[in-house]
Amino acid sequence: MARYNPKETEPKWRKAWADADVFRAGPPQPGAPKYYALEMFPYPSGRLHMGHVRNYSLGDVVARYKRARGFNVLHPMGWDAFGLPAENAAMERGVDPRGWTYDNIARMRSELKELGLSIDWSREFATCDAAYYGKQQDWFLDLWKRGLVYRKESVVNWDPVDQTVLANEQVVDGRGWRSGAPVEKRKLNQWFLRITDYADELIEGLKTLDRWPDKVRLMQENWIGRSKGLRFKFGWAGQAPAGFVAGLEVYTTRPDTLFGASFVGVAPDHPLAEQLAAADPRVAAFIAECRKGGASEAEIETAEKIGFDTGLTVAHPFDPEWKLPVWIANFILMDYGTGAIFACPAHDQRDLDFARKYGLPVKAVVLPPGEDAATFEVGTEAYTGPGTIFHSQFLDGLEIEPAKAAAITRIEADGCGEGATVYRLRDWGVARQRGWGCPIPVVHCDTCGVVALPKDQLPVVLPDDMDFSKPGNALARHPTWKNAVCPDCGGPATRETDTLDTFVDSSWYFARFTDTEAAEPIDKAAADYWLPVDQYVGGIEHAVLHLLYARFVTRALSDEGMLSVREPFAGLFTQGMVTHETYKRVQSGEWVEPREVEIFTEAGKRQARSLETGEALVIGDVEKMSKSKRNTVAPEEIFEVYGVDAARLFVLSDSPPERDTQWSATGVEGAWRFVNRVWNEFDSQPAGPAPALAADPKADDLRAATHRTIKAVTEAIESFRFNSGIARMYEFLNKLKEFPAETATPAVLAARHEALSAFARLISPFTPHLAEEAWARIGGEGMVVSAPWPQHDEALTQDAVRVLPVQVNGKRRGEISVAAGLEPAEVEKIVLDDPEIARRLEGLSIRKVIVVKDRIVNIVAG
RNA sequence: GCCGCCGUAGCUCAGUGGUAGAGCGCAUCCUUGGUAAGGCUGAGGUCGGCAGUUCAAUCCUGCCCGGCGGCACCA
């Protein structure tokens, strides 16, 4: 009997798969059912981590399973290769970002290949390949022609030290996340993609994505933030300020509460406020006060509402005599709606807080059910629930929704406004002042302005000799690269030195994978065959941005006629993180890596000590593996000790895929032992052809387990409950061990062979190397990777004899064995004749006997 | 504050309107020619709490408690 040796076995089978080129996707054939399995492509950091192992193992299970089910499978891999880490490496270590990136790719490719993934490597590309980003420039110009790209002055977060624009999430407590320098607001000419044109469709489309997690759909819906309401202008009651003669436009979702209006407010950065500030230092001082407040959530939450009465007044739209004061208020956001509101304190908490502070009127206009109009008052809590409108002239007596409609109708009839839908979603700012990104393919010409390059001048390639030694945009400070000729007038021009957000790179790569050689950005026939992606697997952290941008770009490219689908990802699965215990030194609190820690049990308690010094360590919380907590485990070290299959098996078995999984040394050891026990079962099976299957009670018992396991594992894979499927295989192995080959009759040996044949195929998506070795050991035809998925025989999953628990008044009091499918009346007779049951019923009168066929008997007695 | 997810053995998790399961850990024993290992057996569970529906609830419903995540002055 030979021990299982993954170090020899695993590379052997990887070579066999590569030699046979088994994972190359077949050509698009209309008749052949296709399956596109994709995991979010990695950033080439240079090192594989456990999160990658989990992500790509999950996708690989699906890809291998679908292949076994006869699908033409596309399972590609590439690299999300532009971005800041390469620039940082360049700045810190003086290396070239391109060389650094491609070196990292080479290292990670070999690590990923070691994982034994069923990937079609012939389609690999990196987003920093000119062959890829050149095609991106190509369709970017198409979108520009369609009017989906525009330039606009916009206020951005500027890090004065790193000399770059920061995203909102990169600003922590008003400071740059890397430099720690106070962030400045700067106005820059920025490039935008008109994602808001698709806001409605992006919301509506969510309804069709029935194989996406509800959570992600909800997050996207909230992010887009559609609200329906009324946009209208207040006319001035007194002197109109210059520039605002037409009135002050506000937006509301509660036009039903217009008669509860108390004041009108504008944001501190509203043009009206800025204009007033120019003339009045008190206004300027107030606005400065508002801006002082930090931007962090905590500060916003606790910030007190403050306001400034401008002295201006507007007239109520339904009553010209009714004057409302105009305030500047810090709680009003300029970038939502019109940056101005009317306030109804009785029915909005923010307005109420403000009104109470400044002594403004509070008039209730929505009467809650059961309240008396004569006595109902609003105290310190605004009423936002359902009710009937009152004190509101023509709206009186209406419910909220009809009142909104009536108010909108009246405003529209008066011509001072209209029903409007607004979105929280902003257009997508895609320009980055970075050197390591996809150049925007335009030039700036003094005579012609911004001019798109003709497509025969694409790709616009990054120079090889950028200087990354200083912060800022290395492309912009390159001495010659930006010198160009205007394609329109032939005069001198300057290249655009902004590059595209890396989210642009990742918003269409899945389409390029369908034909990586195409002369056009996308080969329509290939895309139409392969898209949508049938199963996309990745982290929940991309729930909004990446997935929303990809859905938008797919629609834009579809409208451009480059592909047909509207939704890129038919199925989405978001996996949990890989976590690990943390360990730290008692005195210093310094984190210690798991590989330097020994775990032992003393006095019945789990304890840790340093392998190096022997000192006792504190076992800390279980947290996401991260460099900062030093609680990472290097995949290659695990592969070295236990093999790839054990590592794959463990990350797949420990938790439901959508939940976090806790890596542990004992857990992977358990997986390793399972691998060995599986091998031992195969290895103990006599070589040579198996005897024919024959009817035999013992053999039938095993066969029933086999067919039940095929059914259960298949269902588990179909529903992404991989850990559950593996649990069933653990149970199956235990069952198999009840039928040792050494003492088996020919009938049992035959049943064992059937069991092993199914088992090899069932484990093949999870532990593919072991499955090949096992399949070869029992004389399977060809490689298991090409073997068809096992089919279960429903008839065999049924037991001939059923053991039915017998309950008396709902409590288990015994059991009986009956033939499967026996009618309830027959079962009842047997139960009542059973002496043990009869003893339990002594002194009781039977009221009712419930028999659930093949399951249970319950006797109600009293 | 709002929304969502989770709570089953010491730990990590399966599971089901009808007999409570796996791996790891723990205990006992066997093996010492699979040996930086293998195997047998076992202990261990008011299925977070309380109520309701039901012949029967770990499962369905409601409320509560605890943990985690997302969003949050969006008019």
Side-chain angles (χ1 to χ4, degrees), chain A residues 1-4 213-216 218-219 222-223 225-227 229-230 250-255 257 265 267 297 300-301 303 305 329-333 335-344 347-351 353-354 422-425 540-541 543-544 576-577 579 581 599 601 604-606 622 650 653-656 658-671 673-674 676-677 679-680 683 712 716 721 723-734 737 803-815 847-852 854-861:
Chain A
M1 197 179 259
R3 290 204 68 189
Y4 183 68
D214 289 342
K215 179 163 70 165
V216 175
L218 190 65
M219 285 167 75
N222 290 340
W223 186 264
R226 177 167 64 186
S227 74
L230 168 68
V250 301
Y251 173 76
T252 181
T253 57
R254 292 298 301 271
T257 64
E297 285 179 10
I300 289 170
E301 181 61 24
K305 292 186 172 46
N330 67 336
F331 70 93
I332 301 169
L333 307 175
D335 60 358
Y336 187 79
T338 63
I341 61 155
F342 86 83
C344 175
H347 305 296
D348 183 290
Q349 193 61 46
R350 297 158 299 181
D351 298 348
D353 294 344
F354 191 85
V422 306
Y423 303 89
R424 181 184 173 277
L425 181 69
I540 186 74
E541 65 272 23
V544 177
M577 300 179 300
T579 64
E581 267 182 342
I599 300 291
T601 306
K605 262 187 79 179
R606 266 185 94 241
V622 173
F650 178 58
S653 67
D654 188 56
S655 291
E658 69 276 15
R659 258 196 260 169
D660 289 354
T661 193
Q662 189 180 334
W663 183 272
S664 69
T666 51
V668 72
E669 277 163 25
R673 262 173 250 170
F674 177 75
N676 281 289
R677 287 203 302 267
W679 171 250
N680 289 342
D683 200 35
R721 295 183 346 263
N723 60 321
S724 180
I726 293 170
R728 297 305 298 260
M729 290 191 281
Y730 270 100
E731 288 178 27
F732 183 51
L733 181 67
N734 286 345
K737 286 159 79 90
V803 177
L804 306 188
V806 180
Q807 297 179 329
V808 177
N809 292 331
K811 291 197 173 106
R812 184 166 181 272
R813 293 296 185 226
E815 58 183 38
R847 296 222 193 103
K848 196 172 173 186
V849 179
I850 296 125
V851 179
V852 182
D854 288 344
R855 304 211 63 167
I856 200 167
V857 181
N858 189 15
I859 301 165
V860 186

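All chains are named by letter (A, B, ...) in the order of the sequence lines, taking the proteins before the strands, and each is independently numbered beginning at 1.
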Tell me whether the OP1 or OP2 atom of [N] has a side-chain N or O from [X] closer than 4.0 Å.
X: A/Arg424; N: B/A75; result: no
X: A/Asn734; N: B/G23; result: yes
X: A/Tyr730; N: B/G23; result: no
X: A/Arg728; N: B/G15; result: no

Syn/anti state of B/G23 by chi, 90° boundary around 0: anti

So A/Ile726 and A/Met729, do their side chains get closer than 4.5 Å, heavy atoms only? yes

Less than 4.5 Å apart, any side-chain heavy atom of A/Arg677 and any of A/Leu733? yes

Should the pair A/Phe650 and A/Trp663 be assigned to parallel (<30°), tilted (30 to 60°) or perpendicular (>60°) ring geometry? perpendicular

Can you tell me how the ring of A/Tyr336 sits relative to the ring of A/Tyr251, calling it parallel under 30°, perpendicular over 60° and tilted otherwise? perpendicular

Distance check, [atom1] atoms only: [N] and [M], in whole angstrom units.
N: B/U58; M: B/G48; atom1: P; result: 10 Å
N: B/G7; M: B/C50; atom1: C1'; result: 16 Å
N: B/U53; M: B/G66; atom1: P; result: 28 Å
N: B/C47; M: B/C6; atom1: C1'; result: 14 Å
N: B/G4; M: B/C64; atom1: P; result: 14 Å
N: B/C59; M: B/G49; atom1: P; result: 10 Å
N: B/C60; M: B/G10; atom1: P; result: 23 Å
N: B/U61; M: B/A72; atom1: P; result: 30 Å

How far apart are the closest heavy atoms of [X] and [Y], and which atoms are they?
X: A/Ala543; Y: A/Val216; value: O-CG1, 3.6 Å
X: A/Val857; Y: A/Val849; value: CG1-CG1, 4.1 Å
X: A/Ile332; Y: A/Ala267; value: O-CB, 3.2 Å
X: A/Trp223; Y: A/Arg424; value: O-NH1, 3.1 Å

When you get a sec, tell me which of [options] is the closest nucleotide to the side chain of [X]?
X: A/Arg677; options: B/G70, B/G15, B/C24; result: B/C24
X: A/Thr252; options: B/A75, B/G15, B/G39; result: B/A75
X: A/Ile850; options: B/A75, B/C55, B/G21; result: B/C55
X: A/Asn858; options: B/A56, B/G15, B/A75; result: B/A56
X: A/Glu731; options: B/A22, B/C40, B/C73; result: B/A22
X: A/Arg673; options: B/A75, B/C24, B/G70; result: B/C24
X: A/Asn723; options: B/C13, B/G39, B/G34; result: B/C13
X: A/Ile332; options: B/A75, B/G23, B/G70; result: B/A75
X: A/Asn330; options: B/C24, B/C73, B/A75; result: B/C73

In Å and rounded to the nearest 0.5 Å, what is the CG to NZ distance from A/Asp351 to A/Lys305? 9.0 Å

Could you check how far [atom1] of [X] sits from [atom2] of [N], rounded to whole Å?
X: A/Leu333; N: B/A72; atom1: CG; atom2: C1'; result: 11 Å
X: A/Asp353; N: B/C73; atom1: CG; atom2: C1'; result: 10 Å
X: A/Ile341; N: B/A75; atom1: CD1; atom2: P; result: 11 Å

Would you kindly compare A/Gly225 and A/Leu218 by the position of their nearest RNA chain B nucleotide and give the one closer to the 5′ end? A/Leu218

Taking a pair as Watson-Crick (N1 to N3 plus N6-O4 or O6-N4) or G-U wobble (N1-O2 and O6-N3), both under 3.5 Å, which stems of 3 or more consecutive pairs involve RNA chain B? B:1-7 with B:65-71, B:10-13 with B:21-24, B:48-52 with B:60-64

